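Read through the structure below, which is laid out as structure tokens, and then see the notes.
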Amino acid sequence: MSEIQLTINGQAIKAAEGETILETARANGIDIPTLCHQEGVTPTGACRMCLVELDGTNKLLPSCVTRAADGMVIRTDTEKLKRYRRTILELLFAERNHTCAVCVSNGHCELQSQAQAHKIDHVNFDYRNPQLIVDLSHERFGIDHNRCILCGRCVRVCDEIEGAHTRDMRNRGIATLIITDFDQSWGEASSCTNCGKCVEVCPTGALFIKGLGAGEMVKNHELVPGLVNTREVVHAKN
Amino acid sequence: MQKIKLATIWLDGCSGCHMSFLDMDERLLALSEQVELVYSPLVDVKHFPTGVDVTLVEGAISTDEDLKKIKTIRQRSKLVIAFGDCAITANIPSLRNPEGAEKMLGSIYVDMPVVNPQVPRENLPVLLDRAKPLHHTVKVDHYLPGCPPSADAIYHFLTDLLAGGESDVSCYTRFGA
Amino acid sequence: MNLDTLTLVSEQYSDELANYHHLIHICAGTGCTSANSMELLDRLNEVIKSKGLQDVILAKMVGCMGLCAEGPVVNILPDDILYRQVTPEDAEEIIDHLVRNEVLERLRLDTHLPFFTRQQKTALVNSGIVNPESIEDYIAHGGYKALLKVLTQGDRLAALEEIKRSGLRGRGGAGFSTGMKWQFVYEKSNSPKYVICNADEGDPGAFMDRSIIESDPHSVIEGMAIAAYVVGAEKGFIYVRAEYPLAIKRLRKAIREATKHNLLGTGISGTGFNFEIDLRLGAGAFVCGEETALMQSVMGNRGNPMPRPPFPAEKGLWSQPTLINNVETLANVPRIIEKGGDWFASTGVGKSKGTKVFALSGKITHTGLIEVPMGITLREIIEEIGGGVPGGRKLKAVQTGGPSGGCIPAEYLDTQVSYEALNELGAIMGSGGMIVIDDSSSMIELARYFMEFSMDESCGKCIPCRAGTAQIHNLLSLFVEGKATENDLEKLEELCEVVCNTSLCGLGQNAPNPVISTLKYFRNEYIEAIRRNPDAVERMEINHE
């Protein structure tokens, strides 16, 4: 693999060809915020938090799916990008019923910490307050759609890592909903292997282990990247 | 030096933010050098005074009475501070919002096994269909998130404000903190 | 079928038609069939037979004649008499008049109307003339000659050059150069390659593609086959909305007949070229008109757009090079091959060459389908061809490009229609929907209508489009209901900017356009709405005394 040179936030950086801008940035200690990105599964460019500016184009690029190229001059932290990211976060808070104070993931939630990092102290939009269900039919896990941001991590992990494809989405637009099997309750979804990977990759308190109180759900962020890594190592040996 | 006239009030909140205010402990003494508490559930004044410099408002706007109060507060305060998550996001009071007020009242006072099923209305403020954050009804000058905001967050926020500067308390508090 | 047999079929069919003294063309487009035109055709045939005129008069179905609001429309040749709103009960009277060489004045529509005389037809050249369910009729009108010409010459580059020289640009909305698109796929060395015809027309008020398919399905198939030959594909898909049952029926029949005549299939016309076409029916999602979502849907996945790059030319269907063209674009191809790129490029203005089909709707006298040269002014389209705004009302604006487009106020009516000019005004060419708005309409309500559409049709994948369109819709509702404040206006403008700049695909990136353009040209309506809101005034006043 050949090496390429690019500039991120004024910093000259070397990267391997084929890497995404996000990978390159993070490898060099430059954090670009993400919500839908999950190490180990296919990036989708859905949340738009990782958009960056590239010299020579007006279009903002999703860094999770854009390959770093030689000579790129990239900015990840302009005032415009920060403003856009704040708006995206506010849109999420207004979309469903994220009541942080009584959430199992309070204090361990990516949406919440992103809001804090972006200094969001109030939401400028009307809260939509949709009526959504909490599915507690599974023996060990629950899904609270009120807290779901539709990042699709659970869908991809279940499909690509576990190979079960228990989860998918139904409807579209603002009515989109994560479903299990043929839109059955989780407890009835026969394809579910009860592995719990979906719970560990969920950035918010939407997927959780039952029986925990507010703030007690701490996700294991290393689980899936670790699994993928181990598989690669084993695969390379064989 | 003229003391700053501070008011605090709770609308639809649990008083937790006020408890956190009291948690400032001995720092309250230092604050009292600069601040005169002209109205608060913590002091014995019956009517919201005029000419208030800063008002900390805890709680969401949940009733017609809250709505009346917040308008009075806004008129009589130079700065209105949304104090805590209920004031900022409607937080816990907003848990009823997806259903709406009437359905919630019915499910509690009528659908439950009670002796005399009826929704109490006499001499009570009328619930708005949805609990609202302050800034959806009046202009809010500053926001202090947290459930409740910690005493540290409140202290730093107020001292910054008194010093006349913009306050960034994001290192002390957040939604749900 | 080779060129000789093609000529033979053509001559035989033309001779057959020449035996009749009169041809009665009955429109068989969706508009006219839903107004009973097929019953009318049956009735006409009965009358002709009962009067023993079957060797003298032929009644046949043809594609759309454009004036959909006046349907069913009947055209009698060679006399060129046009009848409108004809019912089956009129059949006998029509035949009687025809026999007596008289015109039934009560149903007559003037064929000298600018609606007919000012049009210039390329994509619609066979519409209203050829029987869409007869391949022989299509061949008799010059059909498949272009394909066979390309195949017999066997020079893919020459054909590509012809398309490039024509200056043809995508008629689906974005206006990307068709020749360039073909070239990208042509240059790719990996195979298989695919050709897709995007017939997922979904803009409210747009029915150009439906009409082309219903009227002249073979022109689309021929265009696809030429494209496939040039870029080196052997498999094609037509992605058509399930809501277009008549178009689907005609496509199925056309594909079957073309295959029967070896104009599709293996070893086409005795050459080594193989090409087959499958239909894929869209399940009613507007976003599937977006090419990456469309490809997902063709492959059987949820129709979610994917980030570009990679572009379809590089990694399309099943990660193979894929060419996607819109219906109208492909329908132009046989004509360009037949008459040459220079001929096509001789019409038009600037970088917008050829003709464009528009669907006229809204507050306009002649609702229907027209094809006009690029460079014509909006005024000519609306006032002359369209017959102007009815009911003594004044024209307020024209909305082009549907939910992704914008409005153009009356003062810009003298703008020449081109991709560039419309973009400059904050509207877009789009696929060709043109909605005329009179002074009785509220522009905010119009913007809200389109925003509701975009909100409902957002796939939900990216946050700005999914939640942003819903919030813009909510803000617009505040304006419509008189509950908006100055703060809401500011929020609206900011949010439009964010949704435009951060959404993943064209749907979200363009969804705010109707709002942005109404804010640009009709800001006063938004300001008025704020003034109407007593709370907005009060809210400002209850700030500190």
Side-chain angles (χ1 to χ4, degrees), chain A residues 33 82 85-86 89-134 144-149 174-175 177 203-206 208 213-218, chain B residues 13-14 16-17 20 57 59-61 80-101 103-104 128-150 153 157 166-177:
Chain A
K82 285 186 200 161
R85 287 173 190 149
R86 275 199 294 274
L89 290 166
E90 285 186 43
L91 285 171
L92 282 177
F93 276 106
E95 185 182 21
R96 293 193 175 183
N97 307 303
H98 298 277
T99 317
C100 298
V102 288
C103 175
V104 282
S105 285
N106 188 10
H108 314 286
C109 165
E110 293 180 36
L111 176 63
Q112 187 186 33
S113 55
Q114 288 291 353
Q116 189 176 14
H118 287 86
K119 303 189 193 298
I120 291 175
D121 58 9
H122 71 289
V123 171
N124 233 325
F125 304 112
D126 282 357
Y127 288 94
R128 296 181 50 81
N129 293 133
Q131 262 189 299
L132 295 165
I133 58 152
V134 181
D144 181 352
H145 293 284
N146 292 288
R147 306 191 184 283
C148 174
I149 58 168
I174 200 81
L177 212 61
T204 69
F208 54 87
E216 291 179 354
M217 182 71 231
V218 185
Chain B
C14 72
C17 299
S20 198
V57 185
I61 309 294
V80 170
I81 317 299
F83 180 32
D85 280 0
C86 291
I88 297 174
T89 73
N91 200 23
I92 308 298
S94 77
L95 291 175
R96 69 172 162 92
N97 285 3
E99 291 226 305
K103 207 171 162 209
M104 177 197 66
L128 304 175
D129 191 47
R130 286 178 169 200
K132 296 178 193 172
L134 296 194
H135 67 281
H136 286 193
T137 51
V138 294
K139 181 171 167 276
V140 170
D141 300 292
H142 296 284
Y143 301 84
L144 181 51
C147 185
S150 65
F157 175 81
E166 271 293 307
S167 186
D168 177 9
V169 286
S170 65
C171 50
Y172 299 105
T173 190
R174 52 169 160 72
F175 294 145

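Below, chains carry the letters A, B, ... as their sequence lines are ordered, and counting in each starts from 1. Computed from a predicted structure; not experimentally measured.
Here the closest heavy-atom approach between residue A/Gln112 and residue B/Phe175 is recorded as NE2-O, 2.7 Å. Across all their heavy atoms, A/Cys100 and B/Gly176 have their closest contact at CB-CA, 3.6 Å. Across every non-hydrogen atom of B/His135 and A/Val123, the tightest pair is NE2-O, 2.7 Å. Pairing each heavy atom of B/Arg130 with each of A/Arg128, the nearest pair is NH2-O, 3.2 Å.
With sequence neighbours left out, A/Glu110 forms a salt bridge (charged side-chain N to carboxylate O under 4.0 Å, His left out) with A/Arg153.
Taking 4.5 Å as the limit, some side-chain heavy atom of A/Asn106 sits within range of a side-chain heavy atom of B/Arg174.
The one candidate from B/Asp85, B/Thr89, B/Ile92 that meets the side-chain contact (heavy atoms from CB on, under 4.5 Å) condition with A/Thr99 is B/Ile92.
Side-chain contact of B/Arg96 with A/Asn129: a donor-acceptor pair under 3.5 Å is absent, judged by distance alone.
Taking OH from B/Tyr172 and CD from A/Gln116, the interatomic distance works out to 12.5 Å, rounded to the nearest 0.5 Å.
Ranked by heavy-atom pairs shorter than 4.5 Å toward chain A, the options B/Pro98, B/Ala90, B/Ser94, B/Ala177 are led by B/Pro98. The candidate with the highest count of non-hydrogen atom pairs below 4.5 Å against chain B, out of A/Ala94, A/Ala117, A/Cys109, A/Gly107, is A/Gly107.
With a 4.5 angstrom heavy-atom cutoff, A/Ile120 touches chain B via backbone and side-chain atoms both. Looking at B/Leu95, only its side chain comes within 4.5 Å of chain A, counting heavy atoms on both sides. Contact of A/Asn146 with chain B is not made at all, since no heavy-atom distance falls under 4.5 Å.
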